Amino acid sequence: MRARPVRACCCVADAQPGRGGGVRVTRLDLRNVRRFEEASWRPGPGLNVITGDNGAGKSTVLEALHLMAYGRSFRGRVRDGLIRTGAPALEVFVEWQQVGSGTPHAGGGVTRRAGLRHSGADWSGRIDGAQVSQLGELIAALAVVTFEPGSHALVSGSADTRRRYLDWGLFHVEHEFMPIWRRYSRALKQRNALLKSRGGSAQLDAWDHELATAGEQLSSHREGYLTMLEPAYRQIGRDLVPSLGDVALEYAPGWRRHEVPLADALLLNRARDQQAGFTSVGPHRADFRLGFSALPGREALSRGQAKLVALSALLAQAQHLASWCGEWPVIALDDLASELDHSHQMRVIERLGASGAQVLVTGTAVPAALASGSSGVVRFHVEHGRIAPAEPA
């Protein structure tokens, strides 16, 4: 089965990346998030830099925004330290504008609001005043691309990280994807429950059909999306890490898709699945592989190369979203100076500055790429649980 092309979303018509359309966070409120008892932040529409000492909480600001956009922290589970000590739950509120291509940064676009309360075990959320029943609704509403010290896991980590990368992008560019993803997740849960309880063949047949129908569609969307990402990935990779040559992306669907349909693969593996108590084939086992023309054989990437490859993937995803939806996501760059040398900082900042995206950068000091000669940079400082405008240098 050939990969189907990803249908463009209908955000802003006839938009192109670089024209300034995008998401602009105008307000972020935190309550009981790590060391913040209560804080509010109003970033500017362009480049924003947050400085502070180690441990002051500057990364927490981006972590809270990431939680709203991904339904999870980039530093672990909510119950593992994200909630302030002694507090029953954390609360995050974000207000943003979706600015159409060519619309001035200030005073234009549609204003949206979302809030999340999370106890580590239970959560509740609202978007534009309405209660949401699925975290996926929050994820699909607010587009934020985050590069942080753990982002190299996109390249060197588990397949689950790469599946989340694909699915996050599809949540934003393909309106049909979320119902298919939910349908597959529900069918997988039901089939696994039957396998564990030694359910009968008739019940398994019914859920195999449901799983196969949703799974084929899910896999087709993912493969098509990866194909659409590859040109931007190659372009950005040539700029950020030219020593690796051209990148090739290969989708691995989670079963031998080009040999057998998923329905047949589920039937062939049923006896083994019954013994193991879980489903061993399908899109929940999918992955994608990266190959580099200048890297011989299976030689591993260095940590520095992995960071740059991961950054290329994230920026490619942001650029693709801008091309298809006319909206640049917010770009959050945590601890930029410690992750990239001065040359790569400059390349990234110049690229993002030209795009018109809202960019949020953290560091113990203003990154070298922004320390001098950069106009339009709004600076903030985090200290004693407060986020305040920084004093002029």
Side-chain angles (χ1 to χ4, degrees), residues 1-6 70-72 76-77 79 121 133-136 139 153-171 174 176-230 248-291 297-298 300:
M1 182 184 296
R2 295 180 62 188
R4 67 184 294 282
V6 176
Y70 291 81
R72 57 190 295 133
R77 296 174 298 183
R79 63 176 177 267
S133 59
Q134 301 284 339
L135 270 176
I139 295 170
L154 181 59
V155 177
S156 56
S158 68
D160 183 57
T161 302
R162 289 180 287 278
R163 285 193 297 271
R164 287 199 301 266
Y165 167 84
L166 295 177
D167 292 348
W168 184 89
L170 281 161
F171 283 150
E174 177 52 84
E176 297 174 0
F177 181 74
M178 188 181 292
I180 294 169
W181 183 87
R182 287 178 180 164
R183 182 182 176 188
Y184 182 83
S185 298
R186 176 174 176 267
L188 179 64
K189 182 178 180 179
Q190 294 293 333
R191 187 178 193 268
N192 283 342
L194 281 172
L195 291 170
K196 289 176 182 177
S197 64
R198 309 295 182 183
S201 295
Q203 291 175 297
L204 282 170
D205 286 344
W207 284 111
D208 278 9
H209 174 75
E210 179 73 0
L211 195 69
T213 301
E216 291 281 5
Q217 296 178 62
L218 181 65
S219 189
S220 182
H221 278 289
R222 284 175 172 169
E223 187 171 11
Y225 179 65
L226 194 65
T227 300
M228 297 294 288
L229 280 178
E230 191 169 31
L249 302 175
E250 180 185 358
Y251 182 64
W255 83 100
R256 295 177 179 176
R257 186 177 180 219
H258 297 293
E259 297 179 17
V260 295
L262 181 54
D264 291 351
L266 290 167
L267 187 59
L268 288 169
N269 286 275
R270 181 179 290 184
R272 184 176 68 175
D273 291 352
Q274 286 174 318
Q275 185 175 5
F278 63 87
T279 304
S280 61
V281 294
H284 61 287
R285 305 295 296 272
D287 199 354
F288 66 87
R289 305 184 185 96
L290 300 95
R298 299 180 63 84

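Heads up: numbering here begins at 1 and tracks the sequence. A quick note: this is a predicted structure, and the numbers were derived from the prediction, not measured.
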Thr213 vs Arg183, side chain to side chain contact (heavy atoms under 4.5 Å, CB included): CA-CA, chis, key distance, verdict: CA-CA 9 Å; Thr213 301; Arg183 182 182 176 188; 3.6 Å; yes
Whether Arg77 side chain and Arg72 backbone form a donor-acceptor pair below 3.5 Å: no
Side chain to side chain contact (heavy atoms under 4.5 Å, CB included) between Tyr165 and Leu229, worked out: CA-CA 12 Å; Tyr165 167 84; Leu229 280 178; 3.5 Å; yes
Close side-chain approach of Phe177 to Leu218, heavy-atom, < 4.5 Å: yes
Heavy-atom closest pair, residues Leu204 and Gln274: CD1-NE2, 3.5 Å
Trp168 and Tyr70 aromatic ring geometry - parallel, tilted or perpendicular at 30°/60° bounds: parallel
Trace of the side chain to side chain contact (heavy atoms under 4.5 Å, CB included) decision for Trp207 with Arg186: CA-CA 10 Å; Trp207 284 111; Arg186 176 174 176 267; 3.5 Å; yes
Leu166 and Tyr251, any side-chain heavy atoms less than 4.5 Å apart: yes
Pairwise distance OG(Ser197) to CG(Asn192) - rounded to 0.5 angstrom: 10.5 Å
Donor on one side chain, acceptor on other, Asp273 and Thr279, under 3.5 Å: no
Donor-acceptor contact below 3.5 Å, side chain Glu230 vs main chain Leu249: yes
Side chain to side chain contact (heavy atoms under 4.5 Å, CB included) between Gln203 and Gln190, intermediate numbers included: CA-CA 10 Å; Gln203 291 175 297; Gln190 294 293 333; over 6 Å; no
Carboxylate-amine/guanidinium proximity below 4.0 Å for Arg270 and Asp205: yes
Separation between CG of Asp167 and CD of Glu174, rounded to the nearest 0.5 Å: 12.5 Å
Donor-acceptor contact below 3.5 Å, side chain Thr227 vs main chain Glu223: yes
Main-chain N/O of Pro283 paired to Arg222 side chain as donor or acceptor, under 3.5 Å: yes
For Gly282 against Trp255, the heavy-atom pair lying closest together: CA-CE3, 4.0 Å
Nearest atoms (heavy-atom pairs only) where Arg272 meets Ser280: NH2-OG, 3.1 Å
Side chain to side chain, Glu210 and Arg191, heavy atoms closer than 4.5 Å: no
Heavy-atom closest pair, residues Gly277 and Leu195: C-CB, 4.0 Å
Distance in Å, Glu250 CD paired with Asp287 CG, rounded so as to fall on 0.5 Å steps: 10.0 Å
Considering all heavy atoms, the nearest Leu262-Gly215 contact: CD2-CA, 3.8 Å
Side chain proximity check, Ser220 to Arg257, heavy atoms < 4.5 angstrom: yes
Name of the residue among Leu154, Leu226, Val155 meeting side chain to side chain contact (heavy atoms under 4.5 Å, CB included) with Arg162: Leu154
Basic-acidic side-chain contact under 4.0 Å: Asp160, Arg163: yes
Neighbour count >12 (heavy atoms, 6.0 Å) for atom CZ, Arg182: yes
